Amino acid sequence: MAEVFLQTLPFFGLIGLGWLAAAFRLFPPEGAAWLTRFVFYFALSAMLFRFAAGLNLTAIFDPRFVLAYLTGSLAVWALGMTIARARGLSLPEAAMEAHCCMTGNTGFLGVPMLVALMGPVAVGPLLMVLAIDMLVFSALITLIVHGARQGGLRLAAVLPVLRGLAGNPMILSMLAGLAWAQSGLAMPRPLEELLTLLGAAATPGALFAIGAGLAGRRLVRVAAAGWLSAAKLILHPLAIALSAWAFGVPPVTAAVMIAAAALPVAGNVFMLAEHFRIAPQRVSAAILISTAASILTIPVVMLLITNP
């Protein structure tokens with residue numbers, strides 16, 4: 001346990017440095033936003049493109065993996081929705097809480113950390129998790145909110161979702177990388193070195209930005225945020241583990257899927273909450289609590305999946 005904790009500690013140490021820099025005003029609040037944009041549009045996109053360009057689409061796409069992840073995640077999503085509705089929340093609020101329960105920080109935290117900890121074998125499964133979260137669940141929450149506010153789904157509600165997905169740099173970089181891999185073209189050395197250099201900034205930049213962003217968050221609605229954090233850090237990986245076993249997902253890829261499910265609530269959930277003006281403080285508190293608690297829960301999950 002101590003060894004696994006020490007392996008993950010440097011990654012959370014970078015998050016802590018970002019928090020300290022913002023808390024002591026060495027890094028201004030707007031700096032976190034601009035650093036996040038740099039990572040999102042450039043560094044992480046370069047990393048994802050380079051990873052995807054080295055993959056074979058037919059080799060990484062496993063229907064069992066997709067079905068297992070969808071089934072486990074939908075089960076947690078449905079539980080979050082049911083409990084929220086039982087508490088008297090509106091449909092949009094309930095959907096936002098359900099989204100918190102199963103949307104992890106795969107892009108900014110999962111890809112850099114889990115690839116470093118688990119090796120290149122983690123790349124394909126992580127890209128699949130990232131794609132499913134963005135293509136299925138981000139689209140789902142957007143459609144539910146639009147449908148609830150407009151009294152039903154209309155084409156005008158679907159088009160912004162499609163535009164958002166088409167313009168997402170992580171989706172575009174993964175698709176471009178896979179297309180490059182399918183083309184069979186050799187990567188020119190200058191381009192490969194550029195992508196390597198730019199992608200190397202993704203890990204420290206993303207983790208520092210996460211920490212700096214956390215410094216501005218406040219603990220409100222602690223009971224609700226605590227439940228959402230527990231659902232994300234405990235129930236989601238447990239549901240994914242059971243689903244992976246039920247669908248017969250190979251142990252190596254199942255381990256990556258479970259590790260990805262153990263990640264804290266993603267920052268882009270807060271972006272959606274702010275955009276739709278639905279429970280942003282509650283979501284912000286869930287991100288803060290789940291990220292802090294994951295310092296302890298992720299090493300436990302990593303220990304369990306590496307020593308089944």
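Everything numeric here is computed off the predicted structure, so don't read it as measured data.
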Rounded to the nearest 0.5 Å, what's the gap from CG on Leu296 to CZ on Phe5? Could you check?
-> 6.5 Å
Atom CD1 in Ile287, atom SG in Cys100: separation rounded to 0.5 Å?
-> 6.5 Å
For Ser73 and Met102, which heavy atoms make the closest approach, and how far apart are they?
-> O-CG, 3.8 Å
Search all heavy atoms of Val269 against all heavy atoms of Val283 and return the closest pair with its distance.
-> CG1-CG1, 3.7 Å
Non-neighbouring partners of Arg282 that pass salt bridge (charged side-chain N to carboxylate O under 4.0 Å, His left out), sequence neighbours left out | Glu93, Glu97
Compare every heavy atom of Gly104 with every heavy atom of Ala266, then report the nearest pair and how far apart it is.
-> CB-O, 3.3 Å
If you group Ile, Leu, Val, Met, Phe, Trp and Tyr by side-chain heavy-atom gaps below 4.5 Å, do Leu70 and Ile144 land in one group?
-> yes
What side-chain donor-acceptor pairs closer than 3.5 Å can you find for residues 113-136, not counting sequence neighbours?
from	atom 1	to	atom 2	distance (Å)
Asp133	OD1	Tyr69	OH	2.8
Asp133	OD2	Tyr69	OH	3.3

Between CE of Met96 and OG of Ser90, what distance do you get to the nearest 0.5 Å?
-> 10.0 Å
All side chain to side chain donor-acceptor pair (under 3.5 Å) counterparts of Glu274, not counting sequence neighbours = none
For the pair Thr306 (side chain) and Leu303 (backbone), establish whether a donor and an acceptor sit closer than 3.5 Å, ignoring hydrogens and angles.
-> yes
Could you note down all residue pairs passing ring-ring contact (aromatic ring centres under 6.0 Å, His included) where residues 187-208 supplies at least one of them, sequence neighbours left out?
-> Phe27-Phe208
Would Ile234 end up clustered with Val76 when hydrophobic side chains under 4.5 Å apart are linked, directly or stepwise?
-> no
Just jot down the side chain to side chain donor-acceptor pair (under 3.5 Å) partners of Ser290, sequence neighbours excluded, or say none.
-> none
Cluster overlap Leu233 with Ile298, hydrophobic side-chain contacts below 4.5 Å | no
Sequence-distant partners of Arg37, side chain to side chain donor-acceptor pair (under 3.5 Å), two or more places apart = none
Could you give the distance from CD1 (Ile240) to CD1 (Ile258), rounded to the nearest 0.5 Å?
-> 8.5 Å
Can you tell me how far SG of Cys101 sits from CE of Met81, rounded to the nearest 0.5 angstrom?
-> 10.0 Å
Start with the C-alpha distance between Thr36 and Phe108, add both sets of side-chain angles, then the distance that settles side chain to side chain contact (heavy atoms under 4.5 Å, CB included), and finish with yes or no.
-> CA-CA 9 Å; Thr36 298; Phe108 274 48; 3.8 Å; yes
Check: Phe276 and Pro92 side chains under 4.5 Å, non-hydrogen atoms | no
Shortest non-hydrogen pair, Pro112 vs Gly107, comes out as CD-O, 3.4 Å
Are any non-hydrogen side-chain atoms of Ser173 and Arg50 less than 4.5 angstrom apart?
-> no
Please answer: with hydrophobic residues joined when any side-chain heavy atoms are less than 4.5 Å apart, are Leu175 and Leu185 in the same cluster?
-> no
Residues that, via side-chain heavy atoms closer than 4.5 angstrom, fall in one hydrophobic cluster with Trp227 = Leu79, Ile83, Leu228, Leu235
Note, Phe137 side chain near Leu74 side chain (heavy atom, < 4.5 Å) | yes
Taking Lys232 for the side chain and Thr103 for the main chain, is one N or O donor matched with an acceptor at less than 3.5 Å?
-> no
Only pairs under 3.5 Å count here: list side-chain donor-acceptor contacts from residues 186-199, not counting sequence neighbours, and write none if there are none.
from	atom 1	to	atom 2	distance (Å)
Arg189	NE	Glu193	OE2	2.9
Thr196	OG1	Glu192	O	2.8

Does any N or O in the side chain of Ser284 come within less than 3.5 Å of the main-chain N or O of Gln281, such that one atom is a donor and the other an acceptor?
-> no
Who are the salt bridge (charged side-chain N to carboxylate O under 4.0 Å, His left out) partners of Arg25, not counting sequence neighbours?
-> none
Approximate separation, where rounding is to 0.5 Å, of Ser294 OG and Asn105 CG | 9.0 Å
For residues Ala261 and Pro237, report the shortest heavy-atom separation together with the two atoms involved.
-> O-CD, 3.5 Å
Is there side-chain contact between Ile15 and Leu109, with at least one heavy-atom pair below 4.5 Å?
-> yes
Qualifying residues under side chain to side chain donor-acceptor pair (under 3.5 Å), relative to Asn168, sequence neighbours excluded | none
Are Leu44 and Met271 in one and the same hydrophobic cluster, where Ile, Leu, Val, Met, Phe, Trp and Tyr link if side-chain heavy atoms are under 4.5 Å apart?
-> no
When the side chains of residues 243-257 are checked against the rest of the protein, which donor-acceptor pairs come out under 3.5 Å, sequence neighbours left out?
from	atom 1	to	atom 2	distance (Å)
Ser243	OG	Ala68	O	2.7
Thr253	OG1	Pro250	O	3.1

Could you name each residue pair satisfying ring-ring contact (aromatic ring centres under 6.0 Å, His included) that touches residues 29-50, not counting sequence neighbours?
-> none
